[in-house]
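Worksheet: the structure to be examined is printed underneath.
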Amino acid sequence: MSSRKFFTICLGVFLMSGFAHAQDQPEAARHYTTAVLWQQHSGEYRALCFQAYNFARVSLKAAMKKRDRRKPNCIIVDVDETVLDNSAFQGHEIKKGTSFIQKDWTEWAALAQADTVPGAHAFLKFAASKKIEVFYITNRERAEHAGTLENLRRYGFPNADEAHLVVKEQTSDKEPRRKAVAERYNILMLCGDNLSDFSNVFYRENRETKTETERAQSQFGSRFIVLPNPMYGDWEKLLYPPGQLTEEQRGNSRLEKLKSY
């Protein structure tokens, strides 16, 4: 067999194997494609982030006038999709044919390459200039602590240190960590992309999420600052039945929950 013919056969096998791999990827994983593209490319995403942090600045000034002077002031922020943009990771997972693999996430966090959420850095620097400390309460794991700190420090975020980065230890419930901060600080504001970043009443206490959101409506834009995240969140859990589901089963559940006519 000539070397040219051998090369042609090998090339054909390679291309066919790549095609087969692409065909094997769950179609359901591609449901997230538009959400990730919107976050990565749309002006509307950036505008909503700037809008959120512009409101935050105005509301923080008002909150400072009513602060409890017996304690130092702070704000609490989530990390992912609140100050760091992980859409590149989500794009990576889609191309693999999945929505999330923990091992991939741990490797991504260690790279410390997440971009910043528009407006986040300027707002937190403004807060620091007013002697307001920033606590980063995140559900990243202890193993991801070092990479997270490196990522925050890369962009010069204030209070990016061991004392102010609070990762998940025993539970993903952030309420105990928020209460621990509240014992020592006057919390002026909370920023997050998930309602669970503000209170447990929205998802964790078996209450109706939309009803609880209506009850808290006066706090959004003042005490609670919400960042846009169409890619993932606690809201998605409401779409699925209990138990471990395959990507395809999750995709079918999403289609079933679509409103139509």
Side-chain angles (χ1 to χ4, degrees), residues 18-49 52 78-82 84-109 114-115 117 138-141 168 171-174 192-217 220 224 226-261:
F19 176 75
H21 175 70
Q23 292 294 94
D24 289 341
Q25 292 181 351
E27 185 66 28
R30 298 189 181 186
H31 289 183
Y32 299 94
T33 301
T34 301
V36 176
L37 288 171
W38 182 82
Q39 181 154 320
Q40 292 178 343
H41 297 284
S42 76
E44 287 80 0
Y45 167 72
R46 298 186 66 82
L48 285 170
C49 293
D78 174 49
V79 172
D80 299 310
E81 314 333 315
T82 300
L84 294 181
D85 174 1
N86 298 283
S87 61
F89 165 78
Q90 298 301 144
H92 176 272
E93 296 297 87
I94 290 173
K95 290 184 177 183
K96 285 186 63 173
T98 186
S99 57
F100 180 84
I101 296 175
Q102 181 62 52
K103 178 177 178 293
D104 292 349
W105 172 257
T106 301
E107 291 174 354
W108 163 252
D115 201 351
V117 169
T138 174
N139 277 336
R140 291 191 175 201
E141 306 280 352
K168 180 173 73 173
T171 174
S172 61
D173 185 355
K174 293 183 176 182
D193 65 299
N194 193 321
L195 294 179
S196 296
D197 293 327
F198 310 122
S199 170
N200 278 8
V201 301
F202 298 109
Y203 287 110
R204 291 184 175 273
E205 296 181 359
N206 296 318
R207 305 192 193 187
E208 213 287 316
T209 299
K210 290 185 177 180
T211 300
E212 295 303 325
T213 305
E214 289 287 332
R215 288 176 179 167
Q217 62 181 285
F220 296 113
F224 300 155
V226 186
L227 280 300
N229 176 9
M231 302 187 299
Y232 62 87
D234 281 347
W235 63 271
E236 195 176 348
K237 296 175 183 177
L238 303 178
L239 305 178
Y240 307 130
Q244 294 292 324
L245 304 178
T246 66
E247 199 71 56
E248 184 177 3
Q249 289 171 326
R250 286 160 55 90
N252 290 336
S253 292
R254 290 194 292 272
L255 290 174
E256 290 172 3
K257 291 294 175 69
L258 281 174
K259 292 182 179 180
S260 185
Y261 66 92

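Here the structure is a predicted model, which is why all the values come from computation and not from measurement.
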Take the angle between the ring planes of Phe224 and Phe198 and call it parallel below 30°, perpendicular above 60°, tilted in between.
parallel

If I take atom CG from residue Leu37 and atom CD from residue Gln90, how far apart are they, to the nearest 0.5 angstrom?
12.0 Å

Value for CG (Asn229) from CH2 (Trp235), rounded to nearest 0.5 Å, stands at 8.5 Å

Going by the rule side-chain hydrogen bond (donor to acceptor under 3.5 Å, both in side chains), which residues pair with Asn252 if we only count those two or more places apart in sequence or in a different chain?
none

Could you check whether any side-chain N or O of Ser253 sits under 3.5 Å from a backbone N or O of Gln249, counting only pairs where one atom can act as donor and the other as acceptor?
yes

Smallest separation among heavy atoms of Ala28 and Gly251, with atom names:
CB-CA, 3.8 Å

Glu27 side, atom CD; Glu248 side, atom CD - distance, nearest 0.5 Å:
10.5 Å

Point-to-point distance, once rounded to the nearest 0.5 Å, from CG of Asn139 to CG of Asp78:
7.5 Å

Can any side-chain N or O of Thr209 pair as donor or acceptor with the backbone N or O of Phe202 at less than 3.5 Å?
yes

Considering non-hydrogen atoms only, spot the tightest contact between Asn86 and Ala114 and give its length.
OD1-CB, 3.7 Å

Ring geometry between Trp105 and Phe89 (parallel below 30°, tilted from 30 to 60°, perpendicular above 60°):
perpendicular

Under 3.5 Å, is there a donor-acceptor pair between the Thr106 and Gln102 side chains?
yes

Does some side-chain heavy atom of Tyr203 sit less than 4.5 Å from a side-chain heavy atom of Asn194?
yes

Could you tell me whether the side chains of Gln39 and Glu81 share a donor-acceptor contact shorter than 3.5 Å?
yes

Just so I know, are the side chains of Asp80 and Asp193 near enough to count as touching, which here means a heavy-atom distance under 4.5 Å?
no

Partners meeting salt bridge (charged side-chain N to carboxylate O under 4.0 Å, His left out) with Arg207 (sequence neighbours left out)
Glu205, Glu212

State, yes or no, whether a side-chain contact exists between Leu238 and Lys257 at a heavy-atom distance under 4.5 Å.
no

I would like to know whether Arg215 and Val201 meet side-chain contact (heavy atoms from CB on, under 4.5 Å); could you show each step before the answer?
CA-CA 10 Å; Arg215 288 176 179 167; Val201 301; over 6 Å; no

Spatial distance of atom NZ (Lys237) from atom OG (Ser196) [nearest 0.5 Å]
7.0 Å

Residue list, ring pair (Phe, Tyr, Trp, His ring centres under 6.0 Å) with Tyr240, at least two apart or on another chain:
none

Does Gln40 have more than 12 heavy atoms from other residues, nucleotides or ligands lying within 6.0 Å of its CD?
yes

Between Val117 and Leu227, which heavy-atom pair has the shortest distance, and what is it?
CG1-CD1, 4.2 Å

Checking side-chain polar atoms at under 3.5 Å, does Asp173 have a donor or acceptor matched by the opposite partner on Asn200?
yes

Those residues at least two apart in sequence (or on a different chain) that pass side-chain hydrogen bond (donor to acceptor under 3.5 Å, both in side chains) with Thr211 are Glu208

Quick one: closest heavy-atom pair of Ala109 and Arg140, and the distance?
CB-NH1, 3.8 Å

Please list, chain by chain and in numerical order, all residues satisfying ring pair (Phe, Tyr, Trp, His ring centres under 6.0 Å) with Trp38, sequence neighbours excluded.
Tyr45

Distance, nearest 0.5 Å, that separates CD of Glu93 from CG of Asp104
4.0 Å

Would you call Lys103 and Glu107 a salt bridge, taking side-chain N to carboxylate O under 4.0 Å as the test?
yes

With Leu239, which of Arg250, Arg254, Glu256 fulfils side chain to side chain contact (heavy atoms under 4.5 Å, CB included)?
Arg254

Using side-chain hydrogen bond (donor to acceptor under 3.5 Å, both in side chains) as the criterion, list what pairs up with His41, not counting sequence neighbours.
none

